[in-house]
Amino acid sequence: MPREIPKAYEPNEVEQRWAKAWYEEKLFRAENSGYGPRFSIALPPPNVTGSIHIGHMLEHTQIDMLVRWHRMRGQRTLWLPGMDHAGIATQFVVERMLAKGGIKRQDLGREEFERRVWKWKQESGGVIKEQMIRLGASCDWTRERFTLEPALYRAVLHAFLRFYREGLIYRGRYMVNWCPRCQTAISDLEVVHHERTGEIWNIRYPLADSDGKPSATEFLVVATTRPETMLGDTAVAVHPDDDRYRRFVGKKVMLPLMNREIPIIADAYVDREFGTGVVKITPAHDPNDFEIGKRHNLPEIDVMTPDGHMSEAAGKYAGLERFAARGRIVADLKELGLVESVKEHIHAVGTCDRCKAIVEPRISTQWFMKMAPLAEPAKQVVREGLIEVVPDNQRTILLNWLDNIRDWCISRQLWWGHRIPIWHCADCKEMVPAGDSRVEIVDGHARAASVPTQCPKCGGSKLTQDSDVLDTWFSSGLWPFSTLGWPDDTKDLREFYPTSLLISGYDILFFWDARMIMMGIHLMADPNLSSGDISTRIPFRQLYLHSLVRTAEGAKMSKTKGTGVDPLQMTQQYGTDALRYMLASMAAPGTDIILSEDRVLSARAFANKIWNAARFLFLNLEKIEGRGISLEELAAPEVRARAPYPVPGEAALAHRWMFSRLSSVSAQVSEALEGFRFHEACQTIYHFFWDDFCDWYIEWLKPQLAAENRDVAIPAWRNIFAAFDAALRLLHPVMPFITEELWHRLPQRGGASRVAAEALASSQLADGVGDTATPGPLSIALEDYPQPNSDWSDPAAESELALLQEIIVAVRNVRAEMKIDPKKKVPADLTVHALTGEEVVNSNLEPILRLAGLSSVNISTGLPAPTGAVVRSTARFDLRIAYGDVVDKGAEIAKAKKEIERLEKDVASKEARLADEAFRSKAPAEVVQSMERARVERQGELSKLRSRLAQLSS
RNA sequence: GGGCGGUUAGCUCAGCGGUUAGAGCAUCCGGUUUACACCCGGAAGGUCCAGUGUUCAAAUCACUGACCGCCCACCA
C-alpha cells in the first residue's frame, strides 16, 4: 500500500481510471447486483447525436444515486440505457451540416440522405455514451438500446399495427400545425407559444350589391392580425344575435384585392364584444375558421405553399414570402383606403419547438392517434396512486392534461425515423398495412419485412409505402417495454417490467411520461404478457419529476443562447463527484436550480476533505505499523464487520457516540432518498462526515490512535477504520469515484484491492504490500449500504458527548473573546448540572483539556462566580475562566446586557403562553411540558446572567 | 384567459404547524495544532414580500394583493 498520497485530491486521473474499469468489467450488469427485490429504471434516452448538458447531468446524478443506493441494498438492479433517434432534431442537424456545402436533402434523395444520417450517427452517436460513462452513470451497458435499431423498430411496427387494427390510429385531412421551415406537420405539444407585440388591422370589406359590385359606402370591418390570410377568406361571420349585423346575414361582401364575392354568415362562435364583432373566415389557415367552414360548407382556399410562400391561389401575391406578402397586402389595402385602423396587439404566436420558425395552421392529410380512450385508464392509475407522482402537484397537472387530451398527430414529413407501415394502392387508394411486425435487415438497417404486394380490395399491384415517418415520441412511448424485448415475452420483460421508477424533467411530462403511461397500459394488455391486472401493465410505479437547471434569469439553459454550461468542462475543473454533489445538494423536489459557483467550490472542498481524512488515516497508520500491527489486523473486511470494538474505560465514549451517529445518519439518509430528497441526504452526510467524523471523532481520537497501549490503540484504529468505511459507503451513491478510490485503499476481500495492485504496478513508491489476485468484481458499489443498527444506537452517548462539545465550544468562545494566546493553556472552573455530567467530564478530561486549550478543569459546586473571571452559563453547566488584565469589561457588560434582553423577552413570551389557559388545555401535554422546562431553564440562565452583570458593573 | 412555483442572513438556497429559524459562500476576529489554507477555532448578520384570517400556537395553513419565473390555452 503506497502511503504517498497527494495532499490535494486530484480527481481527473482517478475518475477516468474508475470510469473505464467499471465499464470494461461490466460492473453494473443487472446480473452483478443482488437477489433482493428488483429495482429497474429506464434512462430517458438522450438524443443520439447530442452531447451531455447540465440538465442531463442533474438527471443522471439523481438516477444514479438511487440506482447505486438500491444496488447497495442488495436489490436486483437494472438501469437500462439507450439513445433516441430524435427524428426531427437529428434530421435538422444533418440538414444544417449539408447546407454548409450547399446541399439540400432533396438533392440527395431519401435513401442517400438516410445513409448520410446513419453515417453521422455512427460518427457522433457515441459521444453521449462516452460522456455518461465518464460521469460515472452506473448503467447496464450490456443492455443498451437505440430506438431505431431492428428490435425496437419491430416494437414500433407491432404497436402501430395493433393501434391501426383497433381503429386508434387513423388518417385524415385536418388542420394541423405546420412548420414551413422543417416542412412537416408537428404535434400541438411541439408548438411553443410566445407572447409578442404585433399589430391588429381593421380592414373594410365592401358590401357587394346585387350586381356583384363593391359598395363604395357600405363596409363590414373585420379585425385581423394576419392580413395575408385574407386572400383565402371564403366568408365573413357575425354572431346570429347581433342586432348590428343581423340585416347583413345572407348578403355578400366583396373580398378586397381578390375581388371575390364571399357570403356573410352567422355563427355563434363569433364574440360580439371583440373588435367590431365581424370575423373574416379563412378555413384553410385558421383552426377555428376550419371548424366554421365545415359547419357552413365553405370552400377551403390554401393560399400558401408548404415552405411558407404565397401559392398560386394568392393571385398577384403568389411567390412572395408570407411576411413580405403581409406588408405588400397592407400597403395595397391602405392605398385603396380600406384600412380603417391599425393598433398594437399582444398575442401569442406559435413557433416550432425545434427551429423556432412561426408555425402555420394548415390543412393536410396526416396520421392521428385517438387519445381519449387511452387517457381513461391512464387517469385511473394516476388518480388511484398506482403510479405515484412526485412532487404531488405534478399529478394534478398531469390529470388536467389527460382530461383535456386531444388527438395526436403522429406523422411527420421527414426521412429520418420509423416509416409508417402502410401501403397505398395506386388504383383504388386502399390502405394496406404490413402483414405483420416482422422486420428484415437491409443495408444494415431494419425495415418492414411483410410487405403487401397486392391490394386486397381491387387486386392492384401498384402499392407504395406511405412516405411519412412517425413522431419520435411514438417510439419513445414504448421505451420501458420495447427495451426489455417486447413484443416478445422475454426474461427481462418478466423480471423488470413494470419498471420501478421513472425520473424525468417535468418539461417532458406530456411529451413522454404521459404517453408511456397510456401506451404501456394499452399495449401490455396482452394475455401472454400480463395477468391483465392494470398494475402489472403500467410502465413505472413511481414517477419523479426533477427540477430544471436554469440561468439566473430563470430561463432554461440553452447552448444556442450561450447560457449553457458544459458539464464535462466543469468536471475537469472541479471533479465529477463535486459536480454531482453540488447538483444533488441543490435538488430539492419542486424547485428549479440556478447554478452557483460557490456551491461547486464547496462541494470540491468536501471531496478534498474526504481525501484528507483518508490521508490522515493512512499516514498515521505507518506509526502503528512500526509497532508490528498490520493494516489487515485493523481494517480487513471481516475485522471491520465486527466493529465497534470495546475501548477500555475512559476512551469509550467517543466510539459509542460515533457508531450511534452512524446508525441515525444511515436512517436519515435512507429516509431522504426514499422521498427523493436528494438535498437532504447530501446535507446529512456532509455534516456527518465533516463535523462528526473529522472535527470531532478524528480530533478526539488522535491520542488513542497514537497510544503505546495496544489495548487502546488497536480497538480505536479498528473502530475508526470501520467508521470510515461506513462513511465511504454512505457517500458512494453521490460521490462514486472518490469513495471507490479510497475504499480500495482499505484491505478488501481476497487479501488485496485493485487500486493497491494497480498503484503498485505503476508506482515507484511500492512497498510490497498485497497481492494482485482479485476474484470477481470488487467494488464499493457492490457492497452493503449502511443500515440503521439498534445495537449501535446510544442516546446516552450522544447526549453526553453533546454536553462535552458544548463545554469545549464555550471555552473556545471565551478564549477567542478574551483574545487569549491560542497556544496558552488556561485553567477553568466548571459546575455541571446535568445528571451524570461531572462523571462524564472527569472521564474525558484529556480530550476536553486538549480540544479546549485548558490546563486544568476545577470541578466546583456552583459557588458564586468569582470576580475576575469570564463566565458562560447554560442550563447544563457554568463555566468560569479567570482573566488577567486582558478582558474588555465594557464588552462583557454589553454582551451580558444584550443576552439578558433576549432572555427576558423569551421568558416573558413563554410565561405568557403558559399563563394562557387555552394553551394549557388545548396544546398537547408534551408541548406544554417542554415549554415549562424551557421556561425554567431560561429563567435560571437569566438570573445567573443578572447577578453576573451586577458583579461586572460593581 | 386559466394553472403552477417562488419571494427567508450580503449572495445561492434549506426549513413548510410547536423550545432561541438553519447551511454553504461572502464578511469580521484569531490561528504554520506535520490529514486538509479546497484548512482550523471563534463571531457578527434575519419585522421569514405585504395585509387579513384560521389556530392554544403560523416562516410554515387559508384568503387577498404586489413583484419574479414557468406551464397550458383556437378569441379574430
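In the text below, chain A, chain B and the rest are named by the order of the sequence lines, each starting its count at 1.
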A/Glu817 CD to B/G42 P, in whole Å, measures 12 Å
Want to settle it: does A/Glu899 or A/Asp691 sit nearer the 5' end of RNA chain B, counting the closest nucleotide to each?
A/Glu899
Verify the distance criterion only: is there a donor paired with an acceptor across the side chains of A/Tyr269 and A/Asn288 at less than 3.5 Å?
yes
Answer with yes or no whether the side chains of A/Glu680 and A/Gln668 bring together a donor and an acceptor at under 3.5 Å.
no
How long is the straight-line distance from CZ of A/Phe616 back to SG of A/Cys694, given to the nearest 0.5 Å?
10.0 Å
Taking the side chain of A/Glu195 as heavy atoms from C-beta outward, which of B/A73, B/C4, B/U20 is closest to it?
B/A73
Looking at RNA chain B, which of residues 923-933 of chain A put a heavy atom within less than 4.0 Å of it?
A/Ala923, A/Pro924, A/Val927
Kindly say if A/Lys898 contacts the phosphate of B/G45, meaning a side-chain N or O under 4.0 Å from OP1 or OP2.
yes
Distance between C1' atoms of B/A21 and B/C48 (Å, rounded)
8 Å
Using the C1' atom as the point on both nucleotides, what is the distance between B/C13 and B/C75, in whole Å?
42 Å
Scan side-chain atoms only and decide if A/Tyr506 and A/Asp592 contain a donor-acceptor pair under the 3.5 Å cut-off.
yes
Need one value for A/Arg935: base, sugar-phosphate or nothing, where a base atom within 4.0 Å counts as base even if backbone is also close, heavy atoms only.
nothing
Just checking, is any N or O donor in the side chain of A/Lys280 or A/Thr282 under 3.5 Å from an acceptor N or O on the other one?
yes
Let me know the distance between CZ of A/Arg876 and C1' of B/U19, rounded to the nearest Å.
15 Å
For nucleotides 8-14 of chain B, read 5' to 3', which letter fits each nucleotide if B means a protein heavy atom sits under 4.0 Å from the base, S means only the sugar-phosphate is that close, and - means neither?
----BSS
Can you find a donor-acceptor N/O pair under 3.5 angstrom joining the side chain of A/Arg913 to the base of B/C56?
yes
Side-chain touch A/Met371/A/Arg406, heavy atoms, less than 4.5 angstrom
no
Going 5' to 3' along nucleotides 27-39 of chain B, which nucleotides have protein heavy atoms under 4.0 Å from the base (write B), which only from the sugar-phosphate (write S), and which from neither (write -)?
--SS----BBSBS
According to a strict under-4.0 Å criterion, is A/Asn813 in side-chain N/O contact with OP1 or OP2 of B/A43?
yes
Is it the case that A/Asn612 and A/Lys609 place a side-chain donor and acceptor less than 3.5 Å from each other?
no
Any donor-acceptor pair under 3.5 Å from A/Ser547 side chain to A/Ile593 backbone:
no
Would you give the length of the straight line joining atom CG of A/Leu399 to atom CD of A/Gln394, rounded to the nearest 0.5 angstrom?
11.5 Å
How would you label the contact of A/Asn288 with the nucleic acid (heavy atoms, under 4.0 Å): base, sugar-phosphate, or nothing?
base
Residues in salt bridge (Lys or Arg N to Asp or Glu O under 4.0 Å) with A/Lys7, at least two apart?
none
Inter-nucleotide C1' distance (B/U19, B/C29), Å rounded
31 Å
A/Asn393 CG - B/C4 C1' separation (whole Å):
6 Å
Ring centroids only, cut at 6.0 angstrom: are A/Tyr205 and A/Phe219 within range, meaning strictly under it?
no
Provide the distance between the two P atoms, one in B/A43 and one in B/A37, to the nearest whole Å.
23 Å
Taking atom NZ of A/Lys825 as the centre, report whether more than 12 heavy atoms of other residues, nucleotides or ligands fall under 6.0 Å from it.
yes
A/Glu190 has an atom CD; how far is it from atom P of B/C72, in whole Å?
12 Å
Side chain of A/Phe919, heavy atoms from C-beta onward: which of B/C75, B/U20, B/G18 has the nearest atom to it?
B/G18
Atom-pair distance (NE2 on A/His193; C1' on B/G3), nearest Å:
15 Å
How far does the P atom of B/U27 sit from the matching atom of B/U33, given to the nearest Å?
22 Å
For the pair made of CD in A/Gln668 and P in B/G15, what is the distance, rounded to whole Å?
15 Å
Here RNA chain B, pairs taken as Watson-Crick or G-U under 3.5 Å and shown with ( ), [ ] when crossing and | when to another strand, reads ((((((((.[[[[.)..(...]]]].(((((.......))))).....[[[[[..)....]]]]])))))))....
Taking for each residue the nucleotide of RNA chain B bearing the nearest heavy atom, is the 5' side occupied by A/Arg406 or by A/Arg938?
A/Arg938
A/Asp289 has an atom CG; how far is it from atom C1' of B/C74, in whole Å?
9 Å
Applying salt bridge (Lys or Arg N to Asp or Glu O under 4.0 Å) to A/Glu300 and A/Lys294, what does each step give before you reach the verdict?
CA-CA 9 Å; A/Glu300 292 152 1; A/Lys294 282 260 180 280; 3.5 Å; yes
Pairing donors with acceptors under 3.5 angstrom, does anything connect the side chains of A/Asp267 and A/His239?
no
When the P atoms of B/A58 and B/U32 are compared, how many Å lie between them, rounded to an integer?
50 Å
I need the full list of salt bridge (charged side-chain N to carboxylate O under 4.0 Å, His left out) pairs touching residues 574-591 of chain A, with sequence neighbours left out, sorted by first then second residue.
A/Asp64-A/Arg580
